[in-house]
Amino acid sequence: QLSKSIELQLMRFSQLIFDQSPSKLVLREQGFGSFSAKALSKIIRKSDEITSIDLSLNNLSLGLQSLFHGIIDNQSLVALTLKNNSIDGRRFQQQIFDLVYQHPSLASLNLGNNLTVKNRNRIHNEGLSAILQAIASSKIPSLIQELYLSNCSITAKGLKQFALIE
């Protein structure tokens, strides 16, 4: 019952945003958390006009799998920003791989962090590996041109993986 209420509130809120800029969904610092991820996923999945989504600073880590399903289904999306959402690349390695591998139109992916802000993403070498493997193994050439991973616990060993991409 509470989930339906949150979903309705998000639908109304997103409609207000779409009225201002139908192709860009910016919902930074809304305190959604994992509970709202399913509702967000439904909104994103149904909105073919969205080309850019910014859900930074919402602590979405526990609802990441639901959210990524909606994002993957939205084939018009070209830019995704999920800064500071407590995403752990070790824990969500498969979901990160699936997002990059199954989303052919994604050109910009921002999983970075602001150092002074809480809910830091820790993509680690494993998360970077998942991204690079998805790009390298996709049957459709990846359109990713921008990959932001600032302050994400990636070491020099992880950065060497870029040399493996052809």
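- The minimum heavy-atom distance between Ile44 and Ile50, with the atom names listed, is CA-CD1, 4.4 Å.
- When the side chains of ILVMFWY residues are joined at heavy-atom separations under 4.5 Å, either directly or via intervening members, Ile71 and Leu147 end up in a single hydrophobic cluster.
- Side-chain atoms of Asn125 never come within 3.5 Å of backbone atoms of Ile154 as a donor-acceptor pair (strictly under, hydrogens ignored).
- For the pair Leu27 and Phe32, the minimum side-chain heavy-atom distance is below 4.5 Å.
- In this structure, the salt bridge (Lys or Arg N to Asp or Glu O under 4.0 Å) partners of Asp73, at least two apart in sequence or on a different chain, are Arg45.
- Note that NE2 of His103 and CG of Asn74 are 5.5 Å apart. Values are rounded to the nearest 0.5 Å.
- Side-chain contact check for Ser76 versus Glu49: every heavy-atom pair is 4.5 Å or farther apart.
- The heavy-atom pair separating Lys83 from Asn114 by the smallest distance is NZ-OD1, 3.3 Å.
- When all heavy atoms of Gly127 and Ile96 are compared, the closest pair comes out as O-CG2, 4.0 Å.
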Worked verdict on His124 versus Ser153 for side chain to side chain contact (heavy atoms under 4.5 Å, CB included): CA-CA 5 Å; His124 298 285; Ser153 304; 3.6 Å; yes
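- The main-chain N or O of Ser86 is never found under 3.5 Å from a side-chain atom of Asn119 such that the two would form a donor-acceptor pair.
- Residues Gln133 and Ser129 bring a donor and an acceptor atom of their side chains to less than 3.5 Å of each other.
- The closest side-chain heavy-atom distance from Leu106 to Leu143 is not below 4.5 Å.
- Closest approach of Asn85 and Leu60 over heavy atoms only: OD1-N, 3.2 Å.
- Looking at His69, its side chain never comes within 3.5 Å of a backbone N or O of Lys38 through a donor-acceptor pair.
- Cluster partners of Tyr101, by chain and number: Phe97. The rule joins Ile, Leu, Val, Met, Phe, Trp and Tyr whenever side-chain heavy atoms lie under 4.5 Å apart.
- For the residue pair Asp88 / Ser61, no side-chain donor-acceptor distance below 3.5 Å is found, with atom types taken as modelled.
- Here CG of Asn84 is found 12.5 Å from CG of Leu55. Values are rounded to the nearest 0.5 Å.
- Between Leu40 and Asn58, every side-chain heavy-atom pair lies at or beyond the 4.5 Å cut-off.
- Residues Gln161 and Leu132 come closest through the heavy atom pair CB-CD1, 3.6 Å.
- In the displayed structure, Gln65 atom CD is contacted under 6.0 Å by at most 12 heavy atoms of other residues, nucleotides or ligands.
- Linking Ile, Leu, Val, Met, Phe, Trp and Tyr whenever their side-chain heavy atoms come within less than 4.5 Å puts Leu77 and Ile135 in one cluster.
- The closest donor-acceptor contact from the side chain of Gln30 to the backbone of Arg28 lies under 3.5 Å.
- Judged by distance alone, with hydrogens and angles left aside, the side-chain atoms of Asn121 form a donor-acceptor pair with the main-chain N or O of Ile87 at under 3.5 Å.
- Ser41 places a side-chain N or O within 3.5 Å of a backbone atom of Gly70 that can act as its donor or acceptor partner.
- Checking side-chain atoms of Gln75 against main-chain N and O of Ile72 turns up a donor-acceptor pair under 3.5 Å.
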